[in-house]
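For reference, the structure is listed below as structure tokens.
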Amino acid sequence: MTINVAMTVNGKAASGKVEARTLLVQFLREHLGLTGTHVGCDTSQCGACVVHLDGKSIKSCTILAVQAEGGKVTTIEGLAESAEKLHPMQEAFRENHALQCGFCTPGMVMSAIDMVKRHNYQLDEATVRRELEGNLCRCTGYHNIVKAILAAAPAMKSAGV
Amino acid sequence: MYDFAYHRPKTMAEATAALKGKPEARPMSGGMTLIPTLKQRLAKPSDVVDLNGIKELAGIKVDGSGVTVGAMTRHADVASSADVKGAIPALADLAGHIGDPAVRNRGTMGGSVANNDPAADYPAAVLGLDATVTTTSRTIKADDFFKGLFETALEDGELITSITFPKAEKAGYMKFPNPASRYAMVGVFVAKTAGGVRVAVTGAGPCVFRVKAMEDALARNFSADAIKDIKVPADGLNSDIHGSAEYRAHLVTVMARRAVDQANK
Amino acid sequence: MTAETGIGARVKRKEDQRFLTGTGRYVDDLPLARATYAYFLRSPHAHAKIKSIDTGAAKAMPGVVEIFTGKDTADAKVGGLICGWVVKGKDGQPHKAPPHPVMALDTVRYVGDTVAMVVANSADEARDAAEAIKVDYEVKPANVDLAKAFDKGTPEVHAEAPGNLIYDWEIGVKADVDAAFAKAAHVTKLDLVNNRLIPNAMEPRAAAAEYDKGTGNYTLWSTSQNPHVLRLILSAFVLGIPEHKLRVIAPDVGGGFGSKIFCYNEETMVTWAASRVGRPIKWTAERAESFMTDAHGRDHVTHAELALDKDGKFLGLKVDTIANMGAYLSTFSTAVPTYLYATLLAGQYTTPVIHANVRAALTHTAPVDAYRGAGRPEATFVIESIVSKAAAELKMDPAELRRKNFIPADAFPYQTPVALQYDSGNYPPIIDEAMKMADYKGFESRRAEAKSRGKLRGIGFSSYIEACGLGPSRVIGQLGGGVGQWESAQIKFNPTGNVQILTGAHSHGQSHETTFAQLVSDKLGVPIENVEVVHGDTATTPFGMGSYGSRSLAVGGSAIMKAADKVIAKGKKIAAHLMEADVADVVFEQGTFKVAGTDKNVPLGAAVFAAYVPHNYPLEELEPGMDENAFYDPSNFVYPAGTQICEVEVDPETGVVEVVNHTAVDDFGNIINPMIVEGQVHGGIVQGVGQALMENAVYDKETGQLVSGSYMDYTMPRADDVPSFKLGNKVTPCPHNPLGVKGCGEAGAIAAPAAVMNAVHDALAPLGVTHVPMPATPQTVWQAIHGGK
Ligand SMILES: Cc1cc2nc3c(=O)[nH]c(=O)nc-3n(C[C@H](O)[C@H](O)[C@H](O)COP(=O)(O)OP(=O)(O)OC[C@H]3O[C@@H](n4cnc5c(N)ncnc54)[C@H](O)[C@@H]3O)c2cc1C
Ligand code: FES
Ligand code: FES
């Protein structure tokens, strides 16, 4: 079954014709060319695909494209104001060497932003680690990711994002 | 994933109509179980009826006797609900330990209970609190709802609309997660309500079950010590690479004790 | 260059901008016009005869372009996959080398073995069609249990390897070891299984290929750690496409850990089929396929014995190991349990005699090959487990027993009894520092405090040595390795003053783009933002060996330094000409050529510009341009060493082990970028903790089904499974490479398993538990405590 979908992606209108079975991540990657969102598993566990839908972190591999109809989607490509001005979370990842191969990074960053906001910019290490349950990284051993998120929380607060 | 026809009804009536007469049609709530199943091609529904557009299904209501949670209420909303935290803190706590934040942002109570995964968390709360499941055609008591491995009392086309939990005097949930999947390898919900004491165990067996001996002991003395020597038989329990039936049986006692401690806090 | 970007500085990574903004370019991200998609049909059986394959119905499915089976590749004379390292057994014969066809011909040998390739207009359609292929299997009994692989009656995987034996190999003189044991005051014995692991780079393997009919050129994009080696294998052995007609590109690659070194059948098939289909073909593994078909790691069954004198001095070590090869020999599989394992069995100790016997076995499981550390984690686990066990038996402090046997600092270069000559090291200060950082003195009070909470606290050491930076080509050749192990570099200094470094190494997380730029920026005095590292494309970079075995900096970085020396040497001549000075009087300081004792100077950039615009230039003696290349072949391996100390708490009721503290002090020689090095250690430690406590590839012993075939069953370490780490370092520079560096990529994973397991054993010792198998999952620990099922 083919269906027309229309949504807002990173602030811009996006639409296309998809099969009912098309996942949101497929729509983003294959139809919109937004390949920053990755697919790392087939059981909805790795979190490489996390994006925001209407402000909440979701696994874009576990939602149909048609389910995002009318929604506002933000992907890793939509975070930075400009090439020079990254989102404080992106900046904190860079400052703290929280990425190596970069494959888990988009999902990590998107989950991290959602996490910081949900905790009202106040987190401790144990909370960050627990909240990362749905994001696997094979490279960093998480040490620097945790550090980056803890550093980003106050930065996000003062930047008002 | 195989392709299917997609429907997004706005009302329960539309949803029921969309499912009617289609034995291979499937309702979808959070999709956190259904979509992974479809991705792995373990199911081939003719139609998927998406319940996300039905406003009447979401939301939490509290009154003097308990809490009613709409079927489409997300795990994250149950976990953070001030009403749930006030009435049955153990239920909010349980919801906050289901999956990860992204899963909790989509997954729903109705979907979880309808699915009745042997390792799911909610069934322990539903059975442990003696909750009532309301469907499109009737109400079903928890004891009559969970029938076996992925099996419930729901008929074809029958949808869960809400679940009502009686207020608990004391309640606690303790989960021993499967190290890999983080689903419950053993989860024990203990509760003391007006109706008495209940101990419900998920993860350990093919379907959530109660432990009568522990309930009786706790009814006499609601303390961890009261059940420390009560063992469930390993026979018939699940066994896999992460936990043999014997290990699970052992964990039931440990988790039950810890759940009682939690409830007494 | 400046202190902020030079050698030793924590320079922020150049690669981060694209990864942080979602603009990295991994294989699956590649837009290819008119692309088709491949899906590989896998065997559901561990061992079966293929009686027939019927693709008729599948070919008629919507969107199907072509379907290939083993018969098609055999008819087209596609070669088999190769094992590139010949190990000679005790009998002097090369190892058994059974054929490894790119797709199964008449027999499938593991769950996941490839049976057919479907090419269709979309990935979904390819999979839809694959399900319509009818394969008639005659299922046969499988050989899955490694310990029983050589037993009589165990089904054979290949007729070419009778009794499933690939080789029976030894190192060391057995009689000498027996003599040492005869004199021993104490012998410690150990039986262990080094658990099988699945690498799980977060980016699944992927390949895309395109054939240009006009030129006859092929392009393959692959998730490869070593694109030139992949091209070489495909050209010389498998597909016969001449090297100059095959371009292999490994763009951004999302982690490898060894699993992306090897030449796999899917990338081979995609390349081969691209010309037949006449359209580009893309393939990306689903995670389930990665679990089934990425080369797995470790998987040893070992018995070891350590002889000690009455003072605790090691007299000799005996090791007997069965190593699993899986169903086919992967690219470097044979070397891993021999030259990368048994040669390391001296560890940091003066053990005078060592004998190791290694038998490699075939089983009906996925191929096993190098995984982060490759052989060295297995060796370290044997040594560091048996040393700690000996200490416990002798009631000695484990640190003390280690110290007593360390190779002394003045003994380097040190010849071990198992072939390697350690070039440098100084072990006692490392363990001292680690003990200080871990507050070893305060441990007993922490143990007591934990006990008051019902927890059993334990502490464990692991003092590892590893040989990496592969490697001296001559030695590799003598040992049977099929390739050279040098590395290449090219420095292209452009007329406008910026620099491209082309390297044969490949970065898939290791940060070469930053570290290598730091080297050149520092050496040539060019601002780091004007330096760009190019890697991963056989069409643009010089032939290189790629990245694995912690070799990129020690070997690849050294090649870059050699090329930079050539730039300076040539620049010096140009500068001398421009300054009308004698070359011998010209010095190079911070990016500028100067004549000593005068104020004459020529910035390197000006000399380079003159080389491109040679109007005032010694054209008679010098070629124009500034483009220097170098190949570096190391004279020895490098020998990083260190000590990790792990502290755990065990919940005796549930068996849950929590890592509460983990300290690592390493000697990696000189350090270029500490931030990056620390990141490598963090990641390595967690893979090691994963092996110790969580990860286990489990096959059903009867059916050969992969039981731990998804993240639902294979326990990946998550953020809340580990603490933050304490890292320290000591430096003994490597004496034989120009940077004085050793490798740091694998150390964390090499040392951690023994540190964790020793801590677990220490924690459980008060209960009388002497052996906990790895991984120490909650159930395993509970069973060890309670003797339960
Ligand atoms: C990574 C991951 C981790 C998870 N971890 C846990 C965990 O730790 N504990 C746990 O308990 N669960 C876990 N889950 C499962 C999660 O809680 C699911 O959300 C839940 O099991 C199903 O709810 P859903 O709303 O997503 O249902 P869906 O996936 O939409 O549906 C599930 C099933 O129920 C049927 N159904 C849906 N809604 C209704 C209805 N209203 N009436 C009748 N039938 C209906 C569907 O047809 C389907 O068969 C995890 C899931 C993922 C992906
Ligand atoms: S791709 Fe792994 S969770 Fe979505
Ligand atoms: S940076 Fe490679 S997986 Fe996280």
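Protein chains get the first letters and strands the later ones, always in sequence-line order, with residue 1 at the start of each.
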Classify the ring geometry between B/Phe176 and B/Tyr247 as parallel (under 30°), tilted (30 to 60°) or perpendicular (over 60°).
-> perpendicular
Under 4.5 Å to a heavy atom of chain B? For A/Ser111 that would be neither
Check whether the side chains of A/Asn10 and A/Thr75 place a donor and an acceptor atom closer than 3.5 Å, and report yes or no.
-> yes
In a check of salt bridge (charged side-chain N to carboxylate O under 4.0 Å, His left out) between B/Asp47 and each of B/Arg26, B/Arg8, B/Lys22, which one passes?
-> B/Lys22
Between B/Tyr173 and B/Asp93: side-chain donor-acceptor atoms closer than 3.5 Å | no
Ranking B/Gly99, B/Gly53, B/Gly31 by heavy-atom pairs under 4.5 Å to chain A gives rank one to B/Gly99
Criterion side-chain contact (heavy atoms from CB on, under 4.5 Å) against A/Met108, the qualifying member of A/Ile113, A/Val50, A/Leu132 | A/Leu132
Carboxylate-amine/guanidinium contact A/Asp54 A/Lys72, below 4.0 Å | no
Using non-hydrogen atoms only, which part of A/Ile3 is less than 4.5 Å away from chain B: side chain, backbone, both, or neither?
-> side chain
Chain A contact via B/Ser181 - side chain, backbone, both or neither, heavy atoms under 4.5 Å = both
Greatest number of heavy atom pairs closer than 4.5 Å to chain A - which of B/Leu38, B/Asp50, B/Val48 | B/Asp50
A/Met115, A/Glu69, A/Lys56: which one forms the most heavy-atom pairs within less than 4.5 Å of chain B?
-> A/Lys56
Under 4.5 Å heavy-atom distance to chain B, tell me which part of A/Asp114 shows up: side chain, backbone, both or neither.
-> side chain
side-chain contact (heavy atoms from CB on, under 4.5 Å), paired with A/Leu24, selected from A/Gln67, A/Arg29, A/Met7, A/Lys59 | A/Met7
Interface check, chain B: of A/Leu53, A/Thr22, A/Asp42, most non-hydrogen pairs under 4.5 Å belong to A/Asp42
Between chain B and each of A/Arg118, A/Met110, A/Glu19, count heavy-atom pairs under 4.5 Å; write down the option with the most.
-> A/Glu19
If you tally heavy-atom pairs under 4.5 Å against chain B, which of A/Asn135, A/Thr43, A/Ile63 wins?
-> A/Ile63
